[in-house]
There are 2 protein chains.
Amino acid sequence: MKSIDALACLGALAQEHRLNLFRLLVQAGDEGMAVGELAQATGLAGATLTNHLNILRRAGMVSDERRGRVIQCRASYLQMNELLGFLTDNCCAGSVSASGCVPATLCQPVRSKP
Amino acid sequence: MKSIDALACLGALAQEHRLNLFRLLVQAGDEGMAVGELAQATGLAGATLTNHLNILRRAGMVSDERRGRVIQCRASYLQMNELLGFLTDNCCAGSVSASGCVPATLCQPVRSKP
DNA sequence: TTCATGTTTCTAGAATCATCGAAACATAAG
DNA sequence: CTTATGTTTCGATGATTCTAGAAACATGAA
């Protein structure tokens, strides 16, 4: 992940309602939540909600899929992992510092045993 | 870390110059960098730099210490780890999802072998 | 087709943020 | 003391972001 993409992700999460929305979607798991459900859960006006969702979408943190009239949103674990990877790549700067920091193991796809 | 603190950290990092400043400090390691060095490295005007540093300071991402006339800044690995912990706590929602996500092991203080 | 529902785009106003010159403050040296 | 250096605060300006009503768009049902 490039710095500019990380910036978009950080910016997307750095807002009360959007962080809230993202966490709702994370908790909702793979099934995700419809835009209408998100509206109900947050109490946000439609236009405001769409605006925030668009920012999360552009950052790649949320994907969605139309199901008839309903649009189902999902959190993108993949992008979240990319972001965490970016942050920890640059955290520690690869070396173990005296103040205590070792390279991170991040959320990884579940693999079958090697 | 509470949601409001994570929001402050994310907001602090979600800006081009501040992300840049933070990464410079991370790379500088425990010694850190003086405000003047940061000014030289980034080309930012004094008042602008102080403003950005204050936002990073308030979020707890940067700490500093006066050495005579010079103020030496350091990245706070501790707070960075808190933030990553918050994000991964809520990422995955504790369960292993079909789209692949297991709880993260984050930057941790280096311990002697148990 | 017409109607109802779910979502988005348009638009504009309010609030917040970024920038930086000038002045002020803190410390060290002469 | 005075002067020089490093940093912060003040204050104003321009840019960006947040918000939401109204209108438009997309789909499904009758």
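Letters go in sequence order (proteins before strands), and every chain restarts at 1. Scope of the values below: all heavy atoms of this structure, side chains included, with no hydrogens, waters or symmetry mates. Here the structure is a predicted model, which is why all the values come from computation and not from measurement.
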Contact pattern, 5' to 3', of nucleotides 18-30 of chain C - B, S or - by protein heavy atom under 4.0 Å: SBBB-----BB--

To the nearest Å, how far apart are [X] [atom1] and [N] [atom2]?
| X | N | atom1 | atom2 | value |
| --- | --- | --- | --- | --- |
| Leu49(A) | dT7(C) | CG | C1' | 9 Å |
| Leu10(B) | dC17(C) | CG | C1' | 17 Å |
| Asn54(A) | dC25(D) | CG | C1' | 14 Å |
| Asp64(A) | dT27(D) | CG | P | 13 Å |
| Glu16(A) | dC18(D) | CD | C1' | 12 Å |
| Leu56(B) | dT7(D) | CG | C1' | 16 Å |
| Leu7(A) | dT17(D) | CG | P | 11 Å |
| Arg58(B) | dT16(C) | CZ | C1' | 13 Å |

Relative orientation of the end axes in the helix from dT1(C)-dA30(D) to dG30(C)-dC1(D), expressed as an angle to the nearest 10° (five pairs per end): 20°

Full working for salt bridge (Lys or Arg N to Asp or Glu O under 4.0 Å) between Arg23(B) and Glu16(B): CA-CA 11 Å; Arg23(B) 293 176 69 184; Glu16(B) 185 185 351; over 6 Å; no

Would you check if the side chain of [X] reaches a backbone N or O of [Y] as a donor-acceptor pair within less than 3.5 Å?
| X | Y | value |
| --- | --- | --- |
| Gln72(B) | Glu31(B) | yes |
| Glu37(A) | Ala34(A) | yes |
| Arg18(B) | Ala12(B) | yes |
| Thr50(A) | Gly46(A) | yes |

Contacts of Arg74(A) that satisfy salt bridge (Lys or Arg N to Asp or Glu O under 4.0 Å) - sequence neighbours left out: Glu65(A)

Leu21(B) side chain reached by Leu49(B) side chain, heavy atoms, under 4.5 Å: yes

Closest non-hydrogen atom pair between Gln79(B) and Ala59(B), with its separation: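 It is NE2-O, 2.8 Å.
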
Any donor-acceptor N or O pair under 3.5 Å, side chains Asn54(A), Arg57(A):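 There is such a pair (donor and acceptor under 3.5 Å, judged by atom type) between the side chains of Asn54(A) and Arg57(A).
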
